[in-house]
2 protein chains.
Amino acid sequence: MDAAERLITSTQDLLWERGYVGTSPKAIQQRADAGQGSMYHHFTGKPDLARAAITRSAAELRDLAAQQFDAPGSAYDRIAAYLRRDRDVLRGCRVGRLTQDPDVIASPALREPLEATLSWLRSRLAALIAEGVAAGEFRASLDPEATAATLVAVVQGGYVLARSADSPALFTQAVDGALALLR
Amino acid sequence: MDAAERLITSTQDLLWERGYVGTSPKAIQQRADAGQGSMYHHFTGKPDLARAAITRSAAELRDLAAQQFDAPGSAYDRIAAYLRRDRDVLRGCRVGRLTQDPDVIASPALREPLEATLSWLRSRLAALIAEGVAAGEFRASLDPEATAATLVAVVQGGYVLARSADSPALFTQAVDGALALLR
DNA sequence: GTCTATACGGGGATAGAC
DNA sequence: GTCTATCCCCGTATAGAC
C-alpha cells in the first residue's frame, strides 16, 4: 500500500474513533507511518484528506448494506438481515457519527457524502418495504418512506444507546423492538 | 448569575454545539466572560467543569421529558406528545451527542450521567407502553422494554438523519413512522 | 515523493500577585 | 475570587532541501 492509500485508511479509522475535530494531521501521519511532507504532497490539508476518507467510508458502507439488501429471501428477511448484521456496535457508525461534528456539518464538501449515504439507505429500505407491502407481508397502511426513515434512525440511535451504557445489547434490543413492530 | 454559574451554562452550550473534544477552556471562559483564574478557582479543570455541565443538562432533559410523560391523556397520546415535542432538531440531543465523544465514553464520571438519563428515558417509556398494553391501546405482544428502546433510538437517530441532510423534516418523518408502527 | 526546519496560535494548565 | 504571567506541547500548516 502506498503512502497516499495508507493516509486515507488511517484517516478513516481516526474519523471513526475520534471524529473530525478530534483527529489531527499529526495523528494521521503517525498511524499511516508517513511524514508531514508526504501528507501535504498528496493532499492539500486536513479537509481534503478527510473528504477522501469520508467518501471511501461511505462507499464501503453502501457495499456492505447492499449485500443484505440484495440477498435472497422475503422483504422482511432482508430487512432483518440488514438490521441484525454483525456489527462492531460500540464503535458506532462511521458515517452517522460524523453528523455530530460541527465542522463536518458546516462544510458542504464533507457533509455531502453523509447525506448521500443515509439517503441511499433510506431509499433502498423504502423500496424493500414497498415490496413487502405489495406481497402482503406488511400491513397496507405503512408509509414506505416514513418507515424506512424510522428503521435507519433505529440503527443510528441504537448505537447511541449502546455506547451510553457500554453495552451492545441495547442496540440489539432497539432493533428487535423495531422488527417486532414491523410485523 | 455568578461566575461559576456562567461557566456551567456556557459549558453546557459549547458541549452541545461542539462536543467535549471540540470545547476548549479558553472558549468556555470567553463565552462565560470569566478569566482563567476564575475558572480554575471554581473547577479543577476541564473534566470537572464538563461533569457539572453534563449533569445539569441531563437533569434539564429529564424535567422536559417528564412534562410530556406526566401530562393527561392516553398512553399513546403521551408518547406521541413526547416524540412530537417542539425540538431544535438540527442542534441534536445535548445528552445523546456526547455519546459520540471518545473522551466522554472513556471516562466513567462523564459517561455516567448519559447512561442514567437514557436509561431513565427508556424505563419511563416502557412503563407507558405497558400501561397502553394493559389498556388495550397496543397489541398485547409488544415487549415494553424493547419497544421503549426502539423509541428512544428513533429520537436519537432522527437527529442524525436531520443533521445529515440539514433538514428537520427527516426527524419528523422518522418519528411519524414509529408512531404509525406503534398503533 | 519525502524529509527537515520553521512558524504561530491554541489547548490545558500552574504560580503568584492583587 | 480574579488577574496576569508563564509553561510546554499540539494543531495545522508553509518552505526549501534532497
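Heavy-atom basis, side chains included; hydrogens, waters and symmetry copies ignored. Note that the structure is predicted; figures quoted are calculated from it, not measured. Protein chains get the first letters and strands the later ones, always in sequence-line order, with residue 1 at the start of each.
Summary of the strand contacts: A:Tyr40 and B:Asp2 both lie near DNA chain D, and taking for each the nucleotide with the nearest heavy atom, the more 5' one is attributed to B:Asp2.
D:dT12 atom P lies 9 Å from atom CE of A:Met39, rounded to whole Å. If you take NZ of A:Lys26 and P of D:dG11, they are 6 Å apart, rounded to a whole angstrom.
Counting only residues at least two apart or on different chains, the salt bridge (charged side-chain N to carboxylate O under 4.0 Å, His left out) pairs with a member in residues 105-114 of chain A are A:Arg51-A:Glu112, A:Arg111-A:Glu115. For the salt bridge (charged side-chain N to carboxylate O under 4.0 Å, His left out) condition, no pair includes a residue of residues 159-172 of chain A, sequence neighbours left out. Pairs engaging residues 138-152 of chain A under the salt bridge (charged side-chain N to carboxylate O under 4.0 Å, His left out) rule: none recorded [sequence neighbours left out].
When atom types are taken as modelled, the side chain of A:Thr150 and the backbone of B:Ala174 share a donor-acceptor pair closer than 3.5 angstrom. Although no hydrogens or angles enter the test, the distance criterion places no donor-acceptor pair under 3.5 Å between the side chain of B:Ser38 and the main chain of B:Gly35. Within the 3.5 Å criterion, the main-chain N or O of A:Leu142 finds no donor-acceptor partner in the side chain of A:Thr147. Remark: side-chain polar atoms of A:Ser123 are paired, donor with acceptor, to backbone N or O of A:Trp120 under 3.5 angstrom.
Comparing the start and finish of the helix from C:dG1-D:dC18 to C:dC18-D:dG1, five pairs each, the helix axis swings through 0°, to the nearest 10 degrees.
Looking at B:Arg18 and A:Asp103, a side-chain N of the basic residue comes within less than 4.0 Å of a carboxylate O on the acidic one, giving a salt bridge.
Under the 6.0 Å distance and 45° angle rule, B:Arg87 counts as a cation-pi partner of B:Tyr82.
Near DNA chain D, meaning a heavy atom under 4.0 Å away, the residues from residues 42-55 of chain B are B:His42.
A nucleotide of DNA chain C counts as in contact with chain B when one of its atoms lies under 4.0 Å from a heavy atom; the first and last such, 5' to 3', are C:dG11 to C:dT14.
In this structure the side chain of B:Glu17 never reaches within 4.5 angstrom of the side chain of A:Pro102, judged on heavy atoms.
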